[in-house]
Number of protein chains: 2
Amino acid sequence: MAQSDTVDRILDAAEELFAERGFSETSLRMITSKAKVNLAAVNYHFGSKNALIHAVFARFLTPFSGTLEQAFDELEERCEGQPPTLNDTLWALTESAVRMPQRNERGIAIFMRLLGLAYTQSQGHLRKFLEQEYSQPFSRFMRLLKQATPQLSAVDRYWRIQFMLGATAFTMSSSDALRDILQNKTGVETSVQEIALRLVPFLAAGMQAEKTMLTPPIYGNFSVA
Amino acid sequence: MAQSDTVDRILDAAEELFAERGFSETSLRMITSKAKVNLAAVNYHFGSKNALIHAVFARFLTPFSGTLEQAFDELEERCEGQPPTLNDTLWALTESAVRMPQRNERGIAIFMRLLGLAYTQSQGHLRKFLEQEYSQPFSRFMRLLKQATPQLSAVDRYWRIQFMLGATAFTMSSSDALRDILQNKTGVETSVQEIALRLVPFLAAGMQAEKTMLTPPIYGNFSVA
DNA sequence: TCATGCATCAAACGTATGTTTTAAACAGAT
DNA sequence: ATCTGTTTAAAACATACGTTTGATGCATGA
């Protein structure tokens, strides 16, 4: 077969291993042996390990980027000039993520974990790549958030967005483990969609919390010595 | 000198480099050259790289664990039988962290980042070590959270605690980078204490959000095709 | 004083990594 | 049938890693 599925098999294996173990902790030999392809195939098709990492992200992020733009279009159209609410904006993002056609049911969880790792691990090349390739939908999301929370100062909004990002990336990235723990403790089954349903109200409430206090309520009562 | 400062120099260098680059991405040679000690000193004094990682955490976490227990004692004492509120519980934790005696002004930031990495990076040995050594204050914090949110179902509380953890770990794990970005954009300086001041109200509001909706408000209106 | 024990040092060990090279086989298009 | 791009195979490359070794220095206590 001239056009085989070697590239996809490499991407599948890399995606899963990166999500499980991180980038530095995953060797090309692990990837190629899981994908059942030759070691040299990675450098042949992608050029380098870093380029493979980029390709893993691009395979998901490029179609997602399109879906998201479309969802934002519909959202703004429906609001007819008025800025969309925070809830609607968050739901537009969530819906786009959840509705993305997945290779398997763990697709979103795997990718959320990868996004978290991209932020967390100090992979300079990755951050640069993501900023260059996907700045447009990201900026648009930021603009919508800004319109939806005019009561916040720029600094407050900045940090609260980071808190939202953190809660989302962290939870989704360990959603498998968290689901298992919950099921062992209470027998309750949870889908990624249900996690999102619980997450959005949490985020919206946090985002719209009362203005940040500049001192803790009982500051000074905790003296240690 | 029979009692040299080699051990502390290694711990200082390791702490800083781990926080900057992560564990796998930091080699013993980087650490020993930054600490200006011989390469073999790490294995001589600590036994292995993993044991060094544990020592870095223990140096901060052991005194912090004591401080935290004390803060919880005072908190419960002051409440005289009544369960402490969510706000007070979160502040007790935050205050204990912020008030820890630091080796330098970046001490908390560095250590928060390390805690974030401990969650994020898949260092099995680290997680095991932390669970074994510091399960007591962790369990106590969980119990306080449960008492402070009796209106939540166990499942809702479980997920919202994960959201809080995520927002905290993620933000702290990239706090240096986030601070730099904000400073470049707006010229605003931010201390770890200020981040905590902004984080706690966000968490408290999210934790106490209206009961989770079981369907998004406009579910079904986002059809893509 | 001198032997003991800890600390430090340069050097090497074995292993694993990303990458490259060579060769050979294979499929489809011209 | 020949050419082109794809894939496999095996091996080697240079480099970096964590760890170990054996010699050396050096303070302290007998």
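Lettering follows sequence order; numbering is per chain, from 1.
dT8(C) atom C1' lies 11 Å from atom CD1 of I10(B), rounded to whole Å. As rounded to whole Å, 13 Å separates atom C1' of dT19(D) from atom CG of N38(B). In this structure, D5(A) atom CG and dA27(C) atom P are separated by 15 Å, rounded to whole Å.
I31(A) approaches A13(A) most closely through the heavy-atom pair O-CB, 3.7 Å.
Between F170(A) and F170(B), the ring centre distance reaches or exceeds 6.0 Å. Two rings, from F111(B) and F57(B), have their centers less than 6.0 Å apart.
Q162(A) and T171(B) are not linked by any side-chain donor-acceptor pair at a separation below 3.5 angstrom, with hydrogens and angles left out of the test. There is a side-chain donor-acceptor pair under 3.5 Å between T62(A) and Y134(A).
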* Asked: Where along nucleotides 14-20 of chain C does protein come under 4.0 Å, by heavy atom, of base (B) or sugar-phosphate alone (S), with - for untouched nucleotides?
  -> ---BBBB
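Between H45(B) and dC6(C) there is no side-chain polar atom (N or O) within less than 4.0 angstrom of OP1 or OP2. For Y44(B), no side-chain nitrogen or oxygen approaches OP1 or OP2 of dC6(C) to under 4.0 Å.
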For residues 141-149 of chain A, please give each side-chain donor-acceptor pair under 3.5 Å, one per line with the distance, not counting sequence neighbours.
residue	atom	partner	partner atom	Å
T149(A)	OG1	L145(A)	O	2.8
T149(A)	OG1	R157(A)	NE	3.0

